[in-house]
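As the structure lists them, so they are numbered: ligands from 1, and atoms in each ligand from 1. Numbers for residues simply follow the sequence, beginning at 1.
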Amino acid sequence: MAFAGKVILITGASSGIGAATAKHFAGLGATLALAGRNLENLKKVASDCSTKSIPLLLTGELTNEKDTKAILDKTIEHFGKLDVLVNNAGIIETGGIENTSLEQFDRMMNTNVRSLYHLSLLAVPHLVKTKGNIVNVSSVNGMRAFPGVLAYCMSKTAVDHFTRCAALDLAPKQVRVNCVNPGVTVTNLHKRGGMNEEQYEVFLKKCKDTHALGRPGKPEEVAKTIAFLASDDASFITGATMPVDGGRHAMCPR
Ligand code: NDP
């Protein structure tokens, strides 16, 4: 997997899976455009990236169309091309059918789906030129149903189907589109989504039973799968939804 000379734009690069992905791609020689909202965190991630070229840091709110367009435009202005788009930014909130709201649905769909849709369609003309590819970060919640996270699950299923449909649209142009479907991965996601320290600790302990491999995942494990899908080693893979979840997607209660 060599990414020398390849320009990779990663959203949500300021934290968790996106930050780990940035560092991993840096180690593989990629040129990086890192997007996030928190500039301080983006700077910290960039300082951990051992790249020859300095990562381009792009702050913006992805639910804001102007910001999303600026992220793409600045990447192209700065590097002149785009080889890989990693649509990673996302949020989670809890709420089942009896205690969700339209506002929650809108927040979840706007962040996890609409912004990904928007950034992808802006990126595609550039990816066609480079015969590049897209890797989306979905979730095991896209593949399987869980109670109490209705809008999040729906948003991730939309990401999975977006991946398949866009893969077929772009296959004639040799642009691949894939996604990873992580299981519980230790990041800031769940605490930002409302869990307190104690609840998060219990949630992680439960991974012993909820994940066949008996533990939660590490962001680096997801990062390595993203890099594989983005690489020429995955040259015949498109439209794939790849679990990185310690076997959780294959489990059934008994
Ligand atoms: P983190 O909360 O650690 O990171 C989320 C990232 O997304 C941050 O960089 C954040 O930016 C960015 N982000 C969120 N909302 C916006 C927005 N509106 N505009 C711009 N940037 C935004 O979570 P993870 O690393 O865990 O999440 C990454 C992806 O992985 C998500 O799509 C999530 O659904 C998915 N995932 C995570 C799992 C887990 O257990 N952690 C399991 C399955 C999937 P900033 O911090 O700068 O605000």
Quiz item: Can a salt bridge be assigned to the pair E201 and K206 using a cut-off of 4.0 Å between side-chain N and carboxylate O?
Solution: no
Quiz item: For atom 30 (O) of ligand 1, which protein heavy atom lies nearest, and how many Å away is it?
Solution: V137 CG1, 3.3 Å
Quiz item: Under 3.5 Å, side chain of N88 to main-chain N/O of G12, donor-acceptor pair present?
Solution: yes
Practice problem: Provide, to 0.1 Å, the distance between atom 2 (O) of ligand 1 and the closest protein heavy atom, together with that atom's residue and name. | Solution: R192 NH1, 3.2 Å
Quiz item: Do any nitrogen or oxygen atoms of L62 come within less than 3.5 Å of a nitrogen or oxygen of ligand 1?
Solution: yes
Exercise. Considering heavy atoms of the protein only, find what lies nearest to atom 37 (C) of ligand 1 and give residue, atom and distance to 0.1 Å.
Key: L189 CD2, 3.6 Å
Quiz item: For atom 25 (O) of ligand 1, which protein heavy atom lies nearest, and how many Å away is it?
Solution: I17 N, 2.8 Å
Self-check item: Closest approach of any protein heavy atom to atom 48 (O) of ligand 1, naming residue and atom
Solution: R37 NE, 2.9 Å
Quiz item: For ligand 1, is there an N or O atom under 3.5 Å from any N or O atom of T111?
Solution: no
Practice problem: Using distance alone, with no hydrogens and no angle criterion, decide if N38 and S14 have a side-chain donor and acceptor under 3.5 Å apart. | Solution: no
Quiz item: Charged N to carboxylate O below 4.0 Å: is that the case for D83 and K81?
Solution: yes
Exercise. Taking all non-hydrogen atoms of both residues into account, name the closest pair between A22 and V45 and its distance.
Key: CB-CG1, 3.9 Å
Quiz item: Can you tell which of A19, A89, S14, A35 gets a heavy atom nearest to atom 47 (O) of ligand 1?
Solution: S14
